[in-house]
Amino acid sequence: MADLAGGCLCGAIRYQVSGEPAMVAACHCKSCQKQTGTAYSVLLGVPADSVKIQGTPKTYTESGTSGMPVDRKFCGDCGSPILSDAKAFDGLLFIKGGTLDDTSGISVGAEIWCDSKAEWSALDSEVPKFPANPPAG
Ligand SMILES: [Zn+2]
Ligand SMILES: [Zn+2]
C-alpha cells in the first residue's frame, strides 16, 4: 500500500506514514470532541516508528482514563490536531484522519467511546462499537 501523507491546515506541520494503519477507529471521547471541535475523531493507529514528522508540533498533555498521559500534538500556528501519543498504547501513534491529504481508501473499523457520542453525530456505521476503549488484544 502507498505511504500516507498529510499535514495541518497551514502546512507548517507535515507527516508521512510508511505502510498501512494497524487500525482505524472513530473516537467519540470528550477529549477528541473538545480538541477537534466536532463530533468525533477518526484515528489511524500506526506504528510509531513508521511516522516521520516535519515541523515542530506543540504538545498538550492530558491524563488519560487509564491514568497514563496522552500527548496531543497540534500545529501551534493554525491549531490543527495532528496526532495523539497515548502512553497506554505503547508503540502506536494515533493520526487524526482528517489531516490526510487524501482520505480515500480509509474506512472506519470500529467506533470507540460511544458512551459520550454526540446526539448530533452523523456517523451511523455498521462497525463494532465500544462504550470506551476497545478491549486489549
Ligand atoms: Zn498549521
Ligand atoms: Zn478520543
Side-chain angles (χ1 to χ4, degrees):
M1 166 158 172
D3 290 353
L4 301 170
C8 68
L9 179 60
C10 76
I13 311 292
R14 295 286 306 161
Y15 64 80
Q16 281 86 37
V17 180
S18 53
E20 269 182 88
M23 49 92 74
V24 181
C27 183
H28 299 282
C29 85
K30 199 62 208 162
S31 293
C32 282
Q33 290 171 354
K34 292 259 186 191
Q35 194 192 19
T36 61
T38 186
Y40 57 90
S41 290
V42 173
L43 302 175
L44 283 67
V46 298
D49 59 8
S50 72
V51 183
K52 287 196 183 65
I53 297 176
Q54 290 94 44
T56 308
K58 284 197 167 186
T59 301
Y60 172 70
T61 303
E62 64 174 346
S63 182
T65 48
S66 64
M68 306 271 276
V70 179
D71 288 346
R72 291 178 172 269
K73 296 188 182 285
F74 61 97
C75 177
D77 292 326
C78 71
S80 295
I82 304 293
L83 61 83
S84 297
D85 182 358
K87 305 302 179 192
F89 295 89
D90 199 27
L92 283 181
L93 295 175
F94 296 93
I95 304 250
K96 301 284 187 193
T99 64
L100 289 167
D101 294 337
D102 178 4
T103 57
S104 61
I106 301 291
S107 54
V108 170
E111 291 189 48
I112 61 175
W113 291 96
C114 292
D115 274 0
S116 50
K117 186 170 179 170
E119 280 177 34
W120 37 269
S121 169
L123 191 64
D124 187 20
S125 71
E126 299 297 317
V127 299
K129 296 178 177 63
F130 301 97
N133 271 327

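Between Pro81 and Phe74 the shortest heavy-atom distance is CA-CB, 3.9 Å. Ser107 approaches Val24 most closely through the heavy-atom pair O-CB, 3.5 Å. Taking both residues in full, the closest heavy atoms of Asn133 and Phe130 are given as O-CB, 4.3 Å, listed atom of the first, atom of the second, then distance. Here the closest heavy-atom approach between residue Cys10 and residue Cys78 is recorded as N-SG, 3.4 Å. Taking every heavy atom of both residues into account, Pro47 and Ser50 meet most closely at O-OG, 2.7 Å. The shortest non-hydrogen separation linking Val108 to Ala26 is CG1-N, 3.7 Å.
Every residue meeting the side chain to side chain donor-acceptor pair (under 3.5 Å) condition with Asp101, not counting sequence neighbours, appears here in chain and number order: Arg14. In terms of the salt bridge (charged side-chain N to carboxylate O under 4.0 Å, His left out) criterion, Lys73 has no residue partners (sequence neighbours excluded). With sequence neighbours left out, Ser104 forms a side chain to side chain donor-acceptor pair (under 3.5 Å) with Asp102. The side chain to side chain donor-acceptor pair (under 3.5 Å) test applied to Ser125 returns Glu111, not counting sequence neighbours. Residues satisfying the salt bridge (charged side-chain N to carboxylate O under 4.0 Å, His left out) criterion with Asp71, sequence neighbours excluded, are Lys87. Phe94 pairs by the ring pair (Phe, Tyr, Trp, His ring centres under 6.0 Å) definition with Phe89, not counting sequence neighbours.
Checked options Leu9, Ile13, Thr56; the residue passing with Cys75 is Ile13 (criterion: side-chain contact (heavy atoms from CB on, under 4.5 Å)).
Within the model, atoms OG of Ser41 and CZ of Arg72 stand 6.5 Å from one another, a figure rounded to the nearest 0.5 Å. Rounded to the nearest 0.5 Å, atoms NZ (Lys117) and NZ (Lys129) are 5.5 Å apart. Cys8 SG to Tyr15 OH: the interatomic distance, rounded to the nearest 0.5 Å, is 10.0 Å. Atom-to-atom distance recorded for Ser84:OG and Leu43:CG is 6.5 Å, nearest 0.5 angstrom. In this structure, the separation between CD1 on Ile95 and CG on Leu100 is 7.5 Å, given to the nearest 0.5 Å. Residue Thr99 holds its OG1 atom at 8.0 Å from CG of Leu44, rounded to the nearest 0.5 Å.
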* To do: For the pair Ile53 and Leu83, evaluate side-chain contact (heavy atoms from CB on, under 4.5 Å) and give the outcome as yes or no after the intermediate values.
  => CA-CA 10 Å; Ile53 297 176; Leu83 61 83; 3.6 Å; yes

* To do: Kindly indicate, with the supporting measurements, whether the criterion side-chain contact (heavy atoms from CB on, under 4.5 Å) is fulfilled by Ile112 and Cys29.
  => CA-CA 8 Å; Ile112 61 175; Cys29 85; over 6 Å; no

* To do: Please lay out, stage by stage, how Trp113 and Thr65 fare under the test side-chain contact (heavy atoms from CB on, under 4.5 Å).
  => CA-CA 11 Å; Trp113 291 96; Thr65 48; 3.3 Å; yes

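Ser18 places none of its side-chain heavy atoms less than 4.5 Å from the side chain of Lys52.
Under the 3.5 Å distance criterion, the side-chain polar atoms of Ser121 are left unmatched by any main-chain donor or acceptor of Ala39.
Residue Val17 is grouped with residue Val42 when hydrophobic side chains (ILVMFWY) are merged at heavy-atom distances under 4.5 angstrom, including chains of intermediate members. When the side chains of ILVMFWY residues are joined at heavy-atom separations under 4.5 Å, either directly or via intervening members, Ile106 and Ile82 end up in a single hydrophobic cluster.
Side chains of Gln33 and Ser116: no donor on one and acceptor on the other come within 3.5 Å.
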